[in-house]
Amino acid sequence: MKNKSIVCEGREIQVATELIRLGARLQMLEAETHLSRERLLKLYREVKGVSPPKGMLPFSTDWFLTWQPNIHASLFMSFHRFLIDHAGVQGVEATIKAYRMYLEHLEHHGMDAVLSITRAWTLVRFLDAKMLKYAQCKCCGGQFVADAYDLTANFVCGLCHVPARAGKTRRKAPINELLTV
Amino acid sequence: MRTTELYSEIKDLNLSYLMLAQQMLREDREGAMFKLGISDEVAEMLGNLTPGQILRMAGSTMLLCRFRFDDGLLLNLLSNHKLDPGAATMHATILAADRPVEALA
């Protein structure tokens, strides 16, 4: 689609730049702005200094349902929900703001980000398309991301009932050992 | 604590709270609303207070900020040292996001 207004285009370039800085993939930029592919490619190279990665975006809803990604996804969506419900932020703006808040939260507590901006954006779209839904934990009452066809009347979240060995990845192991010594 | 001392402590706290809130709102309005747990209207009102108004408000005999987490579970999450701190703060944040915000009546 061709842009009619230069001001509009300027704003979209700004949004695209911000998204690229946060690590967005080209497909996301194409969906969220009306800029042409060539311009986005150019912008991407200018901002990042390298060509954008090729290949399809992750498209599975399953990723959001495993323990650690589910908690991170639920955290991101709680920021997102707050922004939409209370702060009147909409669309991609809400995704960017919520993602910044998510990064800020993790940085403050010294944790690594699990969700990438592209994953976060996909998550919002999955929820909009009702491929995923919110389930309320019956212990803590929090809203967690769940599969659309899950039975969630007796849902207990991964934080109230932490599965055995959850979060004990090989990458984390040396740090844990250091802490116990 | 003597009463005069108490009032000056309250005034200090009120002043810090109002000034911090204003600064947070100016820097990142939406993020500040989340952290403060306030609605759009309250954010608007706080943001528009003049320094004179802030001083007058702070000088009241009442505390202007109130205890947000009147909920045992949330309190436990934020204060319990036995839990994994990372997971506990994430859990608390997920729960806090759905708590009602402070709104103008």
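A note on names: the letters A, B, ... follow the listed sequences, proteins ahead of strands, and every chain is numbered from 1.
Of the inter-residue distances, the one linking A:Arg81 atom CZ with B:Ile94 atom CD1 reads 9.0 Å to the nearest 0.5 angstrom. A:Ile71 CD1 to B:Thr93 OG1: the interatomic distance, rounded to the nearest 0.5 Å, is 12.0 Å. For the atom pair A:Cys137 SG and B:Leu95 CG, the distance stands at 8.5 Å (nearest 0.5 Å). Here CG of A:Asp85 is found 12.0 Å from CG of B:Asp40. Values are rounded to the nearest 0.5 Å. Here the CD atom belonging to A:Gln143 is positioned 5.0 Å from the CG atom belonging to B:Asp98, to the nearest 0.5 angstrom.
Contact annotation for A:His108: neither backbone nor side-chain heavy atoms come within less than 4.5 Å of a heavy atom of chain B. Only the side chain of A:Leu83 comes within contact range of chain B, with at least one heavy atom under 4.5 Å from a heavy atom of that chain. Of the two parts of A:Phe144, only the side chain, counted from C-beta on, holds a non-hydrogen atom closer than 4.5 Å to a non-hydrogen atom of chain B.
Among the candidates A:Gly141, A:Gly142, A:Gly88, A:Ser78, the residue making the largest number of heavy-atom pairs closer than 4.5 Å to chain B is A:Ser78.
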When the side chains of residues 14-28 of chain A are checked against the rest of the protein, which donor-acceptor pairs come out under 3.5 Å, sequence neighbours left out?
{"residue": "A:Thr17", "atom": "OG1", "partner": "A:Ile13", "partner atom": "O", "Å": "2.5"}
{"residue": "A:Glu18", "atom": "OE2", "partner": "A:Arg100", "partner atom": "NE", "Å": "3.4"}
{"residue": "A:Glu18", "atom": "OE2", "partner": "A:Arg100", "partner atom": "NH2", "Å": "3.1"}
{"residue": "A:Arg25", "atom": "NH2", "partner": "A:Lys54", "partner atom": "O", "Å": "3.4"}
{"residue": "A:Arg25", "atom": "NH2", "partner": "A:Gly55", "partner atom": "O", "Å": "3.0"}
{"residue": "A:Gln27", "atom": "NE2", "partner": "A:Gly55", "partner atom": "O", "Å": "2.8"}

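Using a 4.5 Å heavy-atom cutoff, the side chains of A:Cys160 and B:His91 are in contact. Within the 4.5 Å cutoff, no side-chain heavy atoms of A:Met101 are placed close to those of B:Glu30.
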